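Just below is one structure, and these are the notes that go with it.
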Amino acid sequence: MGMLIKNGRIVDPGNMDCISDILIENGKIKDIAPGIPETAAEKVIDASGKIIVPGLIDMHVHFREPGQEYKETIESGCQAAARGGFTAVCTMPNTDPVNDNAQVTKFILEKAKQANGVKVYPVAAISRGLEGKTLCEYGELKQAGAIALSDDGRPVISSQLMRRALEYANGFGLPIISHCEDIDLAGNGAMNEGETATRMGLPGIPNAVESIMVIRDIALSELTGIPVHIAHVSTAESVHAIRDAKKRGIPVTAETAPHYFTLTEKAVENYNTNAKMNPPLRTEQDRQAVRNGLADGTIDVIATDHAPHHVLEKEVEFDKAANGIVGLETSLPLGLKLVEEGVLTMAGLIEKMSINPARILGLERGIKVGNAADITVIDPDAVWTVNKDEFLSVSRNTPFHGWEVRGKAVLMIVDGSSHEC
Amino acid sequence: MYFSKKDILDMESLSVEEISLILDTADRMKEISQRPVKKVPTLRGQTIVLFFYEPSTRTRTSFDIAAKRLSADSISISASGSSIVKGETLIDTARNLEAMNADIIVMRHSSSGAPHLLAPLVRSSIINAGDGTHAHPSQALLDMMTVREKKGGLKGLRVAIIGDIAHSRVARSNITGFKKMGADIIAAGPPTMMPKGIESLGTEVTHNIDHAVDGADVIMMLRIQKERQKNYTLSTEREYARFYGLNKKRLENAKKDVLIMHPGPINRGIEISHDLADGSHSVILDQVTNGVAVRMALLYLVVGGGKNGDAD
Ligand SMILES: [Zn+2]
């Protein structure tokens with residue numbers, strides 16, 4: 001005897017958008033139909049007025065275990081994920097030690113097993129120690145449970161190594177996620193280059209720092225015919241390059257993060273380190289380009305780049321402050337704002353936050369009879385105020401504290417087990 | 001008018017009235033420095049900490065003399081002699097200084113915004129003595145005082161600021177300050193030394209120094225950091241001196257009574273030719289003298305000295 005969710009609006013992009021009931025048994029979806037009798041399950045959930053979607057996936061998070069558990073552990077990260085409505089997350093490999101070998105991958109999966117059921121998919125390193133010098137053992141990493149490869153946090157500087165990584169990884173069916181940054185051009189930049197940085201006397205990071213590498217990776221994808229996924233797109237030039245590449249049939253995909261379609265560089269005024277990140281917040285023109293890229297499908301995925309840092313690493317001089325913000329607990333309402341503003345449809349948003357990441361990572365997803373019951377239930381009308389002190393993440397570094405937002409995950413179900421958000 | 005600011009952080013946050021009050025107060029402070037006994041009891045019992053995270057003998061000495069002429073107790077703390085090198089955060093250090101009952105913390109720091117980080121967290125007044133490439137308000141104020149003294153006012157003057165604008169807090173504060181007081185500014189330097197969007201501070205921009213000098217009432221030369229060659233912002237010092245340095249020939253198109261300024265220390269023969277640095281147009285030493293007066297005024301005003309409107 002399982003669980004019955006009644007009268008919710010099921011939004012499963014490309015499959016259905018209707019009010020219906022869902023019956024779950026043995027961790028799988030047993031039936032989808034209107035009017036399933038309440039006697040069919042031991043637990044009945046009334047979802048009237050709620051939206052039921054395939055479980056959200058955040059394909060870009062930094063949980064700091066192993067190595068920096070004072071910022072986040074796999075367990076606390078999973079709790080923050082569940083609170084935000086995510087049934088699955090991909091953890092980036094820049095831990096300490098780096099996830100560049102099967103032992104670390106297995107350790108992460110072991111820790112995840114002891115957490116709350118949120119599915120953790122480790123992303124392993126492209127190069128050993130993220131040093132950009134030698135390939136990791138992709139075959140072993142895949143067997144240990146790695147789902148993708150990335151040197152995130154650092155660019156792969158050698159084009160030769162990047163080419164070989166694409167080719168070698170493709171042989172094991174592992175996608176590559178690229179952190180695009182020309183670090184020589186970035187120099188000691190601390191925020192977006194431009195008028196605001198000049199006024200504040202801070203060294204700037206120009207847009208080309210990102211797009212130069214985006215364009216290189218597109219060229220390598222074209223050369224090899226192998227897909228490449230671009231992480232955290234922040235500039236208009238990157239969006240243009242990706243749109244153009246897709247038109248030419250190059251298998252490139254891309255993600256952006258809620259802060260890039262919500263905020264601009266103005267958020268760092270007054271030396272606000274809680275808005276310091278890499279890539280940096282850009283101009284209004286870039287923000288609009290990112291939104292257009294989401295609207296027309298150039299950008300496939302919304303991921304958070306959830307980057308927890310201790311307050312001691314943020315309450316310092318701006319140029320010395322750590323890069324990054326936490327994102328798991330604010331991503332969904334910021335995404336729903338795009339729906340409210342007409343940038344995306346509800347189905348479009350769910351594509352970016354669930355269907356497309358699953359497709360890129362080669363995961364099964366969707367509300368279909370026989371599929372695993374990975375489901376997120378959203379109350380689209382809940383109005384609430386972001387309060388960093390109530391975060392389940394260990395860290396508090398957010399520029400959204402005090403924002404009034406609309407929409408919230410209220411329930412998430414992983415393999416049939418439900419958790420309130 | 002009363003001076004109600006607790007901190008002096010940058011020129012942006014000072015109003016025209018506040019700037020005028022500081023300059024008027026500095027004029028009266030200068031008189032004290034010309035007396036045989038150069039000392040008044042005004043700030044007796046006040047503790048002033050000169051917290052210099054980045055070395056600067058000139059600015060520190062100037063603030064130190066200013067504090068002593070007002071009879072305050074001043075102590076100097078530098079980064080190498082403090083617990084910063086042992087891993088203490090800037091905020092910890094500032095709270096410790098405050099716990100020693102510092103009334104004013106004069107701070108110099110290599111990070112832009114460092115004094116802005118501390119100001120809301122401590123009761124002590126913070127005076128920014130230079131932060132990263134952001135602001136150097138006391139330098140801008142002493143420059144304004146010097147020009148006002150020589151020209152009788154600032155309104156309508158044509159001020160050329162020449163050199164490495166991108167890395168200069170002096171340039172940013174002077175552009176903002178002089179502009180606020182009604183002067184016209186033109187910034188000049190090679191494109192590699194011109195930061196994006198500097199026009200938004202209210203300055204014209206040129207890469208041609210002759211154009212900048214043309215009709216100028218004031219020429220401010222900035223110091224070149226020789227190590228900038230590593231960032232490819234200049235080719236050779238020789239070429240810099242030839243295309244961006246100030247020399248007699250170049251000066252011919254400026255106003256006859258043009259003032260030549262430099263925040264020091266000068267790279268002689270690079271930014272300014274030897275003869276001009278010591279010539280009749282140069283007010284470089286007046287800047288140093290006025291620096292003490294302006295800093296006396298700032299120390300006096302932030303502790304509420306403006307309230308009785310009397311400097312001694
Ligand atoms: Zn990254």
Side-chain angles (χ1 to χ4, degrees), chain A residues 70 182-209 235-237 264-276 280-286 309-323 396-397 399, chain B residues 9-13 53-54 79 84 87-95 107 109-121 128 130-137 165-173 175-176 187 193-203 205 228 230-233:
Chain A
Y70 67 97
D182 180 333
I183 46 174
D184 191 39
L185 183 58
N188 60 349
M191 66 171 290
N192 185 48
E193 178 174 301
E195 183 189 320
T196 308
T198 294
R199 278 175 184 278
M200 292 170 71
L202 289 170
I205 301 171
N207 283 18
V209 160
T235 75
E237 292 83 350
T264 68
E265 59 178 1
K266 298 286 172 214
V268 307
E269 273 175 359
N270 278 320
Y271 302 96
N272 179 12
T273 56
N274 279 325
K276 188 187 180 200
L281 293 171
R282 305 287 188 179
T283 64
E284 179 60 20
Q285 195 199 336
D286 294 298
H309 288 294
H310 194 271
V311 66
L312 286 178
E313 287 149 319
K314 284 289 194 181
E315 270 193 2
V316 295
E317 299 88 320
F318 191 89
D319 56 350
K320 298 192 170 77
N323 280 313
R396 304 277 171 265
N397 48 312
Chain B
L9 299 179
D10 48 42
M11 294 308 293
E12 272 163 37
S13 55
Y53 189 92
E54 185 188 80
I84 300 162
E88 190 173 85
T89 68
L90 180 61
I91 291 175
D92 284 339
T93 308
R95 289 208 169 115
M107 72 179 279
H109 198 287
S110 52
S111 293
S112 297
H116 303 69
L117 172 67
L118 296 190
L121 300 175
N128 182 6
D131 64 320
T133 50
H134 175 232
H136 196 349
I165 311 285
H167 296 95
S168 176
R169 51 193 170 214
V170 174
R172 281 174 181 73
S173 282
I175 292 169
T176 307
M193 293 180 175
M194 204 55 75
K196 220 175 175 179
I198 189 77
E199 300 87 348
S200 72
L201 294 183
T203 179
V205 170
R228 296 276 174 231
K230 275 182 274 169
N231 300 340
Y232 319 112
T233 56

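Order of the sequence lines sets the chain letters (A, B, ...), proteins ahead of strands, with each chain counted from 1. The model shown is predicted, which means the values in this text are computed figures rather than measured ones.
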Checklist entry - Can you check whether Arg199(A) reaches Leu201(B) side chain to side chain, under 4.5 Å on heavy atoms? => result yes
Item to check | Closest-packed option against chain A by number of heavy-atom pairs under 4.5 Å, given Gly197(B), Ser200(B), Pro195(B), Ala114(B) | outcome: Ser200(B)
Next on the checklist: Assess the residue pair Thr89(B) and Glu315(A) against the criterion (side-chain contact (heavy atoms from CB on, under 4.5 Å)); give the C-alpha distance rounded to whole Å, side-chain angles, the decisive distance to 0.1 Å, and a yes or no.
Outcome noted: CA-CA 9 Å; Thr89(B) 68; Glu315(A) 270 193 2; over 6 Å; no
Item to check | Contact listing (chain B partner; residues 182-190 of chain A; heavy atom under 4.5 Å) | outcome: none
Checklist entry - Where does Arg169(B) contact chain A at under 4.5 Å (heavy atoms): side chain, backbone, both or neither? => result neither
Item to check | Leu90(B) side chain reached by Glu317(A) side chain, heavy atoms, under 4.5 Å | outcome: yes
Item to check | Contact class of Glu199(B) relative to chain A, heavy atoms under 4.5 angstrom | outcome: neither
Checklist entry - Would one find more than 12 heavy atoms of other residues, nucleotides or ligands at under 6.0 Å from atom CG of Asn270(A)? => result no
Item to check | Glu269(A) CD: over 12 foreign heavy atoms closer than 6.0 Å | outcome: yes
Checklist outcome for this item: Here the gap from Met200(A) atom CE to Glu12(B) atom CD, rounded to the nearest 0.5 Å, amounts to 10.0 Å
Checklist outcome for this item: Of all heavy-atom pairs linking Arg172(B) and Gly201(A), the shortest is NE-CA, 3.8 Å
Next on the checklist: Measuring only between side-chain heavy atoms, which start at C-beta, is Tyr271(A) closer than 4.5 Å to His134(B)?
Outcome noted: yes
Next on the checklist: For Ile198(B), is there any backbone N or O sitting under 3.5 Å from a side-chain donor or acceptor partner on Thr198(A)?
Outcome noted: no
